[in-house]
2 protein chains.
Amino acid sequence: MTEHDGRLTVVGLGPGDAATCTPAVLDALGAATDLVGYGPYLDQVPASVGGTRHPSDNREEAARARAALDLAAEGRQVAVVSSGDPGVFAMASAICEQLDDPAVRDRWADVDVDVLPGVTAAQAAAARVGAPLGHDFCVVSLSDNLKPWAVVEQRVVAAAAADFVIALYNPWSRRRPWQFGRAMELVGEHRAPTTPVIAATDVGRPGESVDVVELKDATALDVGMRTVVLVGSSTTRVVERADGRTVVYTPRHYPAGT
Amino acid sequence: MTEHDGRLTVVGLGPGDAATCTPAVLDALGAATDLVGYGPYLDQVPASVGGTRHPSDNREEAARARAALDLAAEGRQVAVVSSGDPGVFAMASAICEQLDDPAVRDRWADVDVDVLPGVTAAQAAAARVGAPLGHDFCVVSLSDNLKPWAVVEQRVVAAAAADFVIALYNPWSRRRPWQFGRAMELVGEHRAPTTPVIAATDVGRPGESVDVVELKDATALDVGMRTVVLVGSSTTRVVERADGRTVVYTPRHYPAGT
């Protein structure tokens with residue numbers, strides 16, 4: 001478009017602690033002239049990283065994506081900042097949606113777009129307790145902002161019936177207080193009441209909490225907007241170690257005849 | 001056990017390029033007196049990392065786990081090295097299985113065990129093409145070494161029927177030449193022939209290849225032991241950009257009535 005072709009890189013900071021943010025992402029942040037993202041995520045970018053920061057509200061993803069692409073079309077080096085992995089329920093799809101929109105996409109024809117992955121919340125939560133995602137698993141968002149609740153229910157039931165471990169993102173919000181309980185109820189139709197359930201909030205950040213309970217007690221968990229919930233399969237096991245730590249893992253083997 | 005309590009840390013190197021290995025993992029490798037892992041994974045650890053290297057064959061995971069725990073029980077600082085995320089079809093479960101085995105676990109009662117997550121192959125592959133994992137997805141290993149093939153089929157069908165994006169690990173081996181084709185056939189019973197399928201091999205390593213085809217042509221893909229395959233959902237879209245690059249993404253919205 002001009003002699004100064006812009007670039008947009010969608011980056012994931014990982015779960016929260018700087019030690020889990022990849023060098024590739026730190027390099028992209030360092031090279032950026034502009035950082036675009038939800039305010040609290042931008043606040044996690046080290047203060048030593050330069051570039052103009054453009055914080056936005058969490059609900060403005062499409063507008064934020066267009067603004068970021070416009071900056072890049074002007075020749076800027078733009079980093080779009082997500083927490084976790086930008087490819088998992090985050091900004092990478094929002095950017096791609098704009099690149100796919102025939103009403104606007106020609107504006108950004110000359111913008112290079114790249115995505116740099118990061119460790120997502122489910123992986124960080126799993127690592128804290130052992131290896132609950134060590135066998136086949138599903139990742140489902142419980143939010144019905146962007147998909148019908150009937151689809152959420154259908155997917156939770158399918159995952160439970162096929163004995164996947166299930167990672168639930170967005171399990172709760174003020175506008176959706178009952179959906180998590182309903183999801184646990186649906187899982188319980190296919191899974192024993194003693195199935196391990198892990199609720200992990202703010203892993204790698206101040207105030208981290210990781211709780212392990214049985215499915216029958218899951219609705220008593222303190223589940224919030226920044227919680228990820230992992231529901232074990234029929235083979236997921238809990239080990240109490242001598243030092244008092246609780247290990248949760250899913251074996252690599254799956255038995256015949258179950 | 002002794003005044004020198006040992007520690008075992010299970011680490012994931014990420015997909016292959018050093019820029020995607022987290023600082024936490026690099027720190028753990030640097031602190032290790034002993035590195036245990038499948039030979040080719042140990043070869044990815046930077047030569048500057050000290051410590052005695054104990055390479056093993058890929059099929060000896062239980063024996064490798066016990067050997068690593070024994071070293072830690074002797075007071076060594078042991079890093080067990082996986083590629084990708086050690087919590088996803090990798091060594092973290094193998095270690096936890098040993099901690100759960102009443103015949104042997106008391107030997108390691110005093111060993112501190114930690115898991116450090118990494119970016120797994122499906123995330124690296126997704127980032128290369130855009131955001132195919134941007135909506136609900138499943139992760140399934142096609143290997144029937146450790147679970148009955150009937151269970152694999154049941155899970156692929158459940159994931160396809162519930163319209164999950166599907167990430168397939170271990171899609172092929174010399175001993176399992178037909179399973180990938182069968183999985184594509186099963187998906188095809190629930191998904192359009194034009195559904196995008198991505199085959200990514202050695203992402204971030206020399207010889208990286210990433211191919212995007214339609215489901216009807218998926219069996220012609222060059223799928224090997226180090227390939228991860230991503231199968232789109234009904235909403236996954238392909239965008240051909242002006243610079244010739246192909247973007248594949250799954251929108252954040254899911255329509256009602258589908």
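Just so it is clear: chains get the letters A, B, ... in the order the sequence lines come, proteins before strands, and each one is counted from 1. We use all heavy atoms of the structure for the numbers below, so side chains are in, but hydrogens, waters and symmetry mates are not.
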Any side-chain to backbone donor/acceptor pair from [X] onto [Y]? Under 3.5 Å, distance only.
X        : Y        : answer
A/Glu97  : B/Arg252 : yes
A/Asp136 : B/Ser141 : yes
B/Gln123 : A/Gly118 : yes
A/Arg105 : B/Arg241 : no

If we only count heavy atoms from C-beta on, is the [X] to [Y] side-chain gap below 4.5 Å?
X        : Y        : result
A/Val247 : B/Asp100 : no
A/Phe137 : B/Val88  : yes
A/Val151 : B/Asp163 : no
B/Phe164 : A/Val139 : no

Part of [X] lying under 4.5 Å from any heavy atom of chain A:
X        : value
B/Ala18  : backbone
B/Arg237 : side chain
B/Ala161 : backbone
B/Thr250 : backbone
B/Val10  : neither
B/Thr120 : both

For residues [X] and [Y], report the shortest heavy-atom separation together with the two atoms involved.
X        : Y        : answer
B/Leu99  : A/Val239 : O-CG1, 3.6 Å
A/Pro148 : B/Ala256 : CG-CA, 3.5 Å
B/Gly134 : A/Ser93  : CA-OG, 3.3 Å

Interatomic spacing from OH in A/Tyr254 to CG in B/Asp144 - rounded to 0.5 Å: 15.0 Å
I'd like to verify something: which residue of [options] has the highest number of heavy-atom pairs under 4.5 Å with chain B?
options                              : value
A/Val238, A/Val140, A/Val157         : A/Val140
A/Glu240, A/His253, A/Arg155         : A/Arg155
A/Thr22, A/Thr20, A/Val248, A/Leu146 : A/Leu146

Any idea which of [options] has the most non-hydrogen atom pairs under 4.5 angstrom with chain A?
options                              : value
B/Ala126, B/Ala242, B/Ala92, B/Gly87 : B/Gly87
B/Asp27, B/Asn145, B/Val113          : B/Val113
B/Ala127, B/Ala90, B/Ala159          : B/Ala127
B/Pro117, B/Cys96, B/Ala24           : B/Cys96

Verdict with supporting geometry, B/Asp85 and A/Val119, side-chain contact (heavy atoms from CB on, under 4.5 Å): CA-CA 9 Å; B/Asp85 186 335; A/Val119 171; 5.6 Å; no
